[in-house]
Amino acid sequence: MAVVEDVRALGGELERSYQVHVRGRLKFRVGQLVYVAFSLDETVMGFAFPKEERAALVGGNPRKFQMPSESDMRFNWVEADLASLDPTEARELVVDAWRMVVPKRVSHAYDLIHPNGPG
């Protein structure tokens, strides 16, 4: 079972990433792009994810993953129930979301330093 603390450090450690609180919600950003956001009660983690792949992700495990709200369907976004994720899986989702908003050379540099992923 993952909790916010399992991924909070990544929000400040990934290159160009920083944490913000918007209306009480923790979000991770690169520039002005939000790539991870938590619900107010920190039970749901929304994260950047390719639109063309999200139906397969949600359909493959609907208890764990949900489509975003109607207003967020236009974005590359999916939501996950944190309690359904293990901590390693949650960290991997954060890193994959971060990859969507940084240049390829930045994510490649991360891969060289972390060949086994975020663990």
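Numbers here simply count residues along the sequence, with the first being 1.
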Is a donor on one side and an acceptor on the other found under 3.5 Å between the side chain of [X] and the backbone of [Y]?
| X | Y | answer |
| --- | --- | --- |
| Arg25 | Val20 | no |
| Arg91 | Leu10 | no |
| Asp72 | Ser69 | no |
| Ser17 | Val30 | no |
| Glu42 | Val3 | no |
| Lys51 | Trp77 | no |

* To do: Taking ring pair (Phe, Tyr, Trp, His ring centres under 6.0 Å) as the test, write out the residues that go with Phe38, two or more places apart.
  =>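 If we apply the ring pair (Phe, Tyr, Trp, His ring centres under 6.0 Å) test to Phe38, skipping adjacent residues, the hits are Phe28.
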
* To do: Check ring pair (Phe, Tyr, Trp, His ring centres under 6.0 Å) between His114 and all other residues, then give those that pass, not counting sequence neighbours.
  =>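 Ring pair (Phe, Tyr, Trp, His ring centres under 6.0 Å) list for His114, sorted by chain: Tyr110.
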
Find out whether [X] and [Y] are in side-chain contact, i.e. whether some heavy atom of one side chain is under 4.5 Å from a heavy atom of the other.
| X | Y | answer |
| --- | --- | --- |
| Val58 | Gln66 | no |
| Glu79 | Met45 | no |
| Phe47 | Val94 | no |
| Glu92 | Leu85 | no |
| Arg63 | Asp81 | no |
| Met100 | Asn76 | yes |
| His108 | Pro103 | no |

* salt bridge (Lys or Arg N to Asp or Glu O under 4.0 Å) contacts touching residues 95-113 (sequence neighbours left out) ->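 Every salt bridge (Lys or Arg N to Asp or Glu O under 4.0 Å) pair that includes a residue of residues 95-113, provided the two are not neighbours, is Asp96-Arg99, Arg99-Asp111.
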
Flag yes if [X] and [Y] sit in one hydrophobic cluster, no otherwise; membership is Ile, Leu, Val, Met, Phe, Trp, Tyr, and two members link when side-chain heavy atoms are under 4.5 Å apart.
| X | Y | answer |
| --- | --- | --- |
| Met1 | Phe65 | no |
| Trp98 | Leu33 | yes |
| Tyr18 | Val102 | no |
| Val44 | Leu93 | no |
| Met73 | Tyr35 | yes |

Give the minimum heavy-atom separation between [X] and [Y], together with the two atoms involved.
| X | Y | answer |
| --- | --- | --- |
| Leu40 | Arg23 | CD2-O, 3.4 Å |
| Ala97 | Val36 | CB-CG2, 4.2 Å |
| Gln19 | Gly12 | NE2-N, 3.8 Å |
| Gly60 | Pro62 | C-CD, 3.9 Å |

* Asked: Would you call Lys64-Glu89 a salt bridge at under 4.0 Å N-O?
  ->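 A salt bridge is present here (some side-chain N lies under 4.0 Å from a carboxylate O).
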
* Asked: Is there a side chain to side chain contact (heavy atoms under 4.5 Å, CB included) between Met67 and Val78 once you walk through the steps?
  -> CA-CA 5 Å; Met67 289 292 200; Val78 172; 5.7 Å; no

* Asked: If you measure from CD on Glu52 to CZ on Arg54, what distance do you get to the nearest 0.5 Å?
  ->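 Spacing of CD (Glu52) from CZ (Arg54) equals 9.0 Å.
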
* Any chance CD of Glu70 has more than 12 other-residue heavy atoms, nucleotides or ligands included, within less than 6.0 Å? ->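 Atom CD in Glu70 is not crowded, with 12 or fewer foreign heavy atoms closer than 6.0 Å.
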
* To do: Would you sort out whether Leu82 and Thr43 count as a side chain to side chain contact (heavy atoms under 4.5 Å, CB included), showing the intermediate values?
  => CA-CA 5 Å; Leu82 270 176; Thr43 61; 5.7 Å; no

